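Atoms considered below: every heavy atom in the structure, side chains included; atoms not considered: hydrogens, waters and symmetry mates. Only a predicted model underlies this, so the values are computations on that prediction, with no experimental measurement involved. Numbering of residues begins at 1 and proceeds along the displayed sequence.
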Amino acid sequence: MSMKARRGDERSGKSLDVWFGVVVGVALVTRLIGLDHAPHFDEFYHLLAANSLLEDGDLCIAGCIAPYDRGAPFTYMVAGAVGALGSSVAVARLVSVLAGVLLVGGVYWWTRRVAGRIAAVAAALLLALSPQAIEFSQFVRFYAWQALLIWAGGVALFCAVHPARGGRPDTVGSGSPPVSPRRRVVVAALGVASFLLALSLQIATLIAAAGIVLWLLVDPILTRARREMRGRPGRLLIAGGLAIVLLAAGLATMSATGLLAELWAKYRSTNMFTLRHVNDIRYYHRLMLETYPTLYSLWPIAFVFVLWKRPAAALFTGSVFALSLVCLLYTSDAADEEDSVDL
């Protein structure tokens, strides 16, 4: 390696450390401000269950009619924080603060490797300053941890499929040492484990998982088409047909076992307080326009640009986001304007 290249790598490493510290610091400060605000009634589910766990060794609430085991791993973390630092709402919220800060740092780390420092700083700061991300990071519910685990699982699978230069697949042939198959399997296994942990918190994780499955089906086809199948469209058609057959076989198996019907019923179920939004397919569309008008309106243009510059990363993020958005638009369980968005 030349002296100039070595110095460039050193400068890149230093800039990574500095900017990583900046975005993590911003995320931490914004999530600690007002951490002791008045509690939302939903927060008491985990608070009461955590106190019961510390005092009686169970997850009982409301006279122990039934244990509150929804998001039980999160309740155990809340109990650990409360037991170590004292019983208060602010202390319990530190568990979510940790997840929110880790997610911002993780987004910077991965984006830095697949798209460069400027994109990484922009993405991390947008997440760090997002009002909804701050709200979930100051909420004694599992949403921040679910987001972190879904992100970690997806990125792990991406790095297992595209391991070149820390997960930057568009630089293959740049002299990066090959990653051993064993290491890629380990990374993929960690990704699957992360998704399973997220699923233990909330079944809506399946929506993001479906986006990952879509990407895993499409990515190898487009990757081979871009790199190896130029001038040989027949192989591309065969690969595409095989992916469709595999997808159809999976759906047929789920249908035959009754799993597909069960998941569809769960997907279309709704709570009493949201019945007025049943079949309102524009609900989340309006919500996104009200919450993120600029980002939501311009993301198709941004996707096309990133697809041109970084096709692998664009296909990965675009698959998860697009399929999740479609699933949200057609779900019958919309959140009331005065309540938190669960999905």
Mind telling me whether Tyr68 and Tyr45 have parallel, tilted or perpendicular rings, with 30° and 60° as the class edges? parallel

Could you walk me through whether Gln146 and Thr205 pass the side-chain contact (heavy atoms from CB on, under 4.5 Å) check? CA-CA 8 Å; Gln146 182 191 13; Thr205 300; 3.0 Å; yes

Hey, is the main chain of Ala27 close enough, under 3.5 Å, to the side chain of Thr30 for a donor-acceptor pair? yes

Could you state whether Trp151 and Leu196 fall into the same hydrophobic cluster, counting links through intermediate Ile, Leu, Val, Met, Phe, Trp or Tyr residues with side-chain heavy atoms under 4.5 angstrom apart? yes

pair His162-Asp219: side-chain heavy atoms closer than 4.5 Å: yes

Nearest 0.5 Å please: distance from the CD1 atom of Ile203 over to the CZ atom of Arg70. 10.5 Å

Applied to residues 76-100, the salt bridge (charged side-chain N to carboxylate O under 4.0 Å, His left out) test, sequence neighbours excluded, yields Glu43-Arg93

Around atom CZ of Phe305, are there more than 12 heavy atoms of other residues, nucleotides or ligands at under 6.0 Å? no

Quick one: does any side-chain atom of Ser200 pair with a main-chain N or O of Leu197 as donor and acceptor, under 3.5 Å? yes

Hey, mind stepping through Ser319 and Leu315 against side-chain contact (heavy atoms from CB on, under 4.5 Å) and telling me if it holds? CA-CA 6 Å; Ser319 297; Leu315 183 63; 3.9 Å; yes

Side-chain heavy atoms of Val140 within contact of Pro39, under 4.5 Å: no

Could you tell me the separation between the CZ atom of Arg141 and the OG1 atom of Thr75, rounded to the nearest 0.5 Å? 8.5 Å

For the pair Leu94 and Leu35, evaluate side-chain contact (heavy atoms from CB on, under 4.5 Å) and give the outcome as yes or no after the intermediate values. CA-CA 8 Å; Leu94 288 176; Leu35 191 62; 3.6 Å; yes

Just how far is it from atom CG of Leu103 to atom CH2 of Trp145, taken to the nearest 0.5 Å? 10.5 Å

Are Ile134 and Leu126 in one and the same hydrophobic cluster, where Ile, Leu, Val, Met, Phe, Trp and Tyr link if side-chain heavy atoms are under 4.5 Å apart? no

Closer than 3.5 angstrom, by distance alone: can the side chain of Ser96 be matched with the main-chain N or O of Phe139 as a donor-acceptor pair? yes

Should Leu129 and Leu148 be counted in the same cluster of Ile, Leu, Val, Met, Phe, Trp and Tyr side chains packed under 4.5 Å apart? yes

Backbone N/O of Asp58 and side chain of Ser52: donor-acceptor pair under 3.5 Å: yes

Rounded distance (nearest 0.5 Å) linking atom OG of Ser137 with atom OH of Tyr143: 13.5 Å

Measuring from atom CD of Gln202 to atom CD1 of Ile207, what distance do you get when rounded to the nearest 0.5 angstrom? 8.5 Å

Below 30° counts as parallel, above 60° as perpendicular, anything between as tilted: where do the rings of Phe316 and Trp110 land? perpendicular

Is Leu190 linked to Trp215 within one hydrophobic cluster, defined over Ile, Leu, Val, Met, Phe, Trp and Tyr using a side-chain heavy-atom separation of less than 4.5 Å? no

In the hydrophobic clustering (ILVMFWY, side-chain contacts below 4.5 Å, transitive), which residues join Val304, or is it alone? none

Is there a side-chain contact between Leu28 and Val97 (heavy atoms, below 4.5 Å)? yes

I'd like to check Leu125 versus Tyr108 (side-chain heavy atoms, cut-off strictly below 4.5 Å). Are they in contact? no

Step by step, work out the side-chain contact (heavy atoms from CB on, under 4.5 Å) result for Ile212 and Val320. CA-CA 6 Å; Ile212 295 294; Val320 177; 3.6 Å; yes

Between Gln138 and Ile33 (side chain of the first, backbone of the second, donor and acceptor by atom type, cut-off under 3.5 Å), is there such a pair? yes

CH2 (Trp19) and CD1 (Ile118) are apart, to the nearest 0.5 Å, by 9.5 Å

Applying a strict under-4.5 Å side-chain criterion to I, L, V, M, F, W and Y, I'd like to know whether Leu53 and Leu85 cluster together. no

Does a side-chain heavy-atom distance below 4.5 Å link Val101 with Arg31? yes

